[in-house]
Amino acid sequence: MKRKQLGYVTASPLIVGAVAGGFLAEYRWATSETKQAAQQVDVLALNQDQTAGQAASQPAEVPMVTELRETSIPAHADLPGIVLLDQTTHGNGQGSFSVPFKAPNDGSKERVRFYIQNVGEKKLYVRLKSPKGNDWIKTSVEPNQVFAGEMQWGAAQDGLWGANFSDDDGSVISSRVVFSAISSS
């Protein structure tokens with residue numbers, strides 16, 4: 001009987017050691033994964049901090065367009081401010097234009113009024129992108145209709161703006177675009 005107890009007593013430390021060894025190996029593996037995950041999070045946080053630092057050095061850009069209820073484009077003499085662009089475009093299924101904008105030196109913003117007239121026979125899809133690549137306008141204009149609006153542009157919007165036109169089927173499109181800058185006080 002002592003022999004059985006001795007065997008039981010001898011086997012117990014071996015079992016406990018094997019179980020403890022398993023837990024220790026599991027702990028080391030989990031700790032290693034946790035360290036790797038923490039390192040990945042640190043790299044991600046560093047990248048986000050660098051991106052945030054770069055973004056903080058540039059003026060913020062928040063696309064904001066106020067739609068105006070206009071049914072036609074006013075004559076040049078009736079347009080407010082300085083005309084930045086007055087262009088008629090024609091194309092097979094697509095077209096584009098660009099508008100240069102130089103922000104005021106005093107840090108103020110200017111109101112920019114725009115008119116986009118679809119003088120074609122098909123629905124016209126319009127997208128206006130800022131110099132930073134953000135969509136400010138993404139809309140459609142029905143045939144013989146005008147889409148008009150007003151935006152506030154400042155230092156964050158300085159540069160060359162681009163717009164693209166397209167239709168559903170690649171047929172001929174025709175549009176007139178007018179942009180004017182109105183000094184804000």
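Summarising the geometry, atom CG belonging to Asn92 is positioned 8.5 Å from atom CD1 belonging to Ile173; distances are rounded to the nearest 0.5 Å. The distance from the CZ atom of Phe147 to the CG atom of Leu124 is 11.5 Å, given to the nearest 0.5 Å. Arg127 CZ to Ser96 OG: the interatomic distance, rounded to the nearest 0.5 Å, is 13.5 Å. In this structure, CZ on Phe179 lies 8.5 Å from CG on Leu84, to the nearest 0.5 angstrom. Here the OG atom belonging to Ser174 is positioned 8.0 Å from the CG atom belonging to Asn118, to the nearest 0.5 angstrom. Put simply, NZ on Lys129 and CG on Asn164 are 8.0 Å apart, with the number rounded to the nearest 0.5 Å.
Listed by first and then second residue, the salt bridge (charged side-chain N to carboxylate O under 4.0 Å, His left out) pairs involving residues 160-175 are Lys122-Asp169 (not counting sequence neighbours). For residues 141-155, the salt bridge (charged side-chain N to carboxylate O under 4.0 Å, His left out) pairs, not counting sequence neighbours, are Arg111-Glu150, Arg113-Glu150, Lys123-Glu142. Sorted by first and then second residue, the salt bridge (charged side-chain N to carboxylate O under 4.0 Å, His left out) pairs involving residues 68-95 (not counting sequence neighbours) are Asp86-Arg176.
The local environment of CD in Gln87 is crowded, with over 12 non-hydrogen atoms from other residues, nucleotides or ligands closer than 6.0 Å. The local environment of CG in Leu160 is crowded, with over 12 non-hydrogen atoms from other residues, nucleotides or ligands closer than 6.0 Å. Within a 6.0 Å radius of CG in Asp135, more than 12 heavy atoms belonging to other residues, nucleotides or ligands are found.
Checked options Trp136, Phe97, Phe114; the residue passing with Trp161 is Trp136 (criterion: ring pair (Phe, Tyr, Trp, His ring centres under 6.0 Å)).
For Tyr115, there are no ring pair (Phe, Tyr, Trp, His ring centres under 6.0 Å) partners at least two apart in sequence or on another chain. Partners of Phe101 according to the ring pair (Phe, Tyr, Trp, His ring centres under 6.0 Å) rule, which considers only residues two or more places apart in sequence or in another chain, are Trp153.
No chain of hydrophobic side-chain contacts below 4.5 Å, direct or via other Ile, Leu, Val, Met, Phe, Trp or Tyr residues, connects Leu79 to Met151. No chain of hydrophobic side-chain contacts below 4.5 Å, direct or via other Ile, Leu, Val, Met, Phe, Trp or Tyr residues, connects Val65 to Leu68. Under the 4.5 Å side-chain contact rule for hydrophobic residues, Val112 and Val99 share a cluster.
Between Pro63 and Asn134, the shortest heavy-atom distance links the atoms CG-CB, 4.5 Å. Residues Val126 and Val141 come closest through the heavy atom pair CG2-CG2, 4.2 Å. Across Ser175 and Val119, no two heavy atoms sit closer than the pair N-CG2, 3.7 Å. Nearest heavy-atom pair across Glu110 and Ala181 is OE1-CB, 3.6 Å. Shown here for Ala163 and Leu128, the closest heavy-atom pair between the two residues is CB-CD1, 4.0 Å. Across every non-hydrogen atom of Ser72 and Val146, the tightest pair is CA-CG2, 3.8 Å.
Through side-chain heavy atoms spaced under 4.5 Å, either directly or across other Ile, Leu, Val, Met, Phe, Trp or Tyr residues, Tyr125 is tied to no other residue.
With Ser180 contributing its side chain and Pro80 its backbone, the two residues share a donor-acceptor pair below 3.5 Å.
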